[in-house]
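First the proteins, then the strands, lettered A, B, ... as listed; each starts at 1. On a predicted model such as this, the values are computed, not experimentally measured, just so you know.
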Amino acid sequence: MSNIKDKFYYPVLVMVIITAIFTFILAWLNDITEEVIALNEETELRRKILYVFNIDVPSDEPEDIERVFNEHVKTQEVGDETIYYMEEDGEVVAYAFPVDGIALWGSLSAYVGISADYSELLGLEFIRHSETPGLGGRIDEAWFKEQFRGLDLTEGQEGEYVIYKPAIGGNVDAIAGATQTSNAVRDIINKGIYDFISQGRSDT
Amino acid sequence: MAGGNYKKIFKDGIWNDNPIFRQVIGICSTLAVTNLMMNSLIMGLAVIFTIAFSELTVSIIRKFTPRHVRMIVQVLIISVYVIIVDIFLKAYYPEMSKALGPYVGLIITNCILMGRCEGFAQNNPPIRSFLDGIASGLGYTFILLAVSFIRELFGFGSIFGIKVLGDWWTNWTIMVMPPSAFFILGVIVWWARSKTEEKEKEKEGGRALS
């Protein structure tokens, strides 16, 4: 034993063996949890899309969310992004599409839902952002997101759909103490909707 | 070395040699994840798990590990357990995984782990090392919970997400932001040090800073 330890290749040998063992353990763990993690992420996204369309979910169970999602929502790949749409009696009644941009601390991405005739903003849900918890992070709170439901998009001039109160034509409250985040969110949503409508990305 | 006074290990880890206020290591995550008590608790449990099993593993293979690559081996072992925690949270507690964000992965860089593996597990038998890991982790967790208790109470008016202060309470934004942890941690270190001031004169050891 003390012999082999003196050899120059001993450390290399030990490192190779140890690394191999631990890598195998991790690979195995990764393999058995892969499906669960993928399901979690999918469920999370489905829940958010349903929220955008304002569809109630009966429970937090992944199966329930999937069932409701499949009942109401259809998916379409446009370019490299995914657009969701809701059908009633064979007719498309609403779209949900991704918007993204730069907020105060980093990139922000969200899904915005609008009615098929582009007249109404149905809902909004944030997928990812890195705003300050308790300040800009409050965009995740229900009271903020709920304000966007039912906004009239026909009055919007040149992409000014969302306007913070108390400005003229204001329709949504910004978050006190988080002006920059609020403004970024407004701009991202306005630009996203404007682009979506003007480019007619909804060709189905 | 053998035999061992287990009570002393716990007393050292939690109070006499508490990683945060005695050794002042592992500060970064203390500042980052203490805005909610739930986050702190999960973070603390993750660190206890990682540190205990890392020390156990390091201790078991310490006789075979060549001296000059021992640190690489330690980092490797720590990373493995951190990744296990990360996968576990992602699979079974996705909400918590989201809340803690990158800080789970950053447990790897937590000085407490490296410090205990190198300073304790490398020279002690497996069981003692394992217990030392739990003790140090507990010491870390208690401080995290103490800081987050104050931050969540004043910052959100709640404890573990349960509202305890009524609507009349105005949330202190500063408590939600990382700087408040500096102040609270400073006060805790101050308090703890003043408690042990006399002892300190007797034993003066090296202090690491993370």
Open item on the list: Is A/E34 close to chain B through its backbone or its side chain, or both, or neither, when contacts mean heavy atoms under 4.5 Å?
Closed with: neither
TODO: Using non-hydrogen atoms and a 4.5 Å limit, figure out which bit of A/T23 sits close to chain B: side chain, backbone, both or neither.
DONE: neither
Task: A/W143, CH2: over 12 other non-hydrogen atoms inside 6.0 angstrom - done: yes
- [ ] Would you mind checking which part of B/I87 comes under 4.5 Å of any heavy atom in chain A, side chain (CB onward), backbone (N, CA, C, O), both or neither?
- [x] both
Open item on the list: Does atom OH (B/Y103) have a neighbourhood of more than 12 heavy atoms from anything else shown, all under 6.0 Å?
Closed with: no
Task: chain A contact via B/S79 - side chain, backbone, both or neither, heavy atoms under 4.5 Å - done: neither
TODO: From the options A/R47, A/K48, A/K145, select the one residue that forms a salt bridge (charged side-chain N to carboxylate O under 4.0 Å, His left out) with A/E125.
DONE: A/K145
Task: Pairing of B/K90 and B/D86 as salt bridge, 4.0 angstrom limit - done: yes
Task: Lys/Arg-Asp/Glu bridge criterion (N-O < 4.0 Å) met for A/R67, A/E63 - done: no
Open item on the list: Less than 4.5 Å to any heavy atom of chain A: does that hold for the side chain of B/L36, its backbone, both, or neither?
Closed with: neither
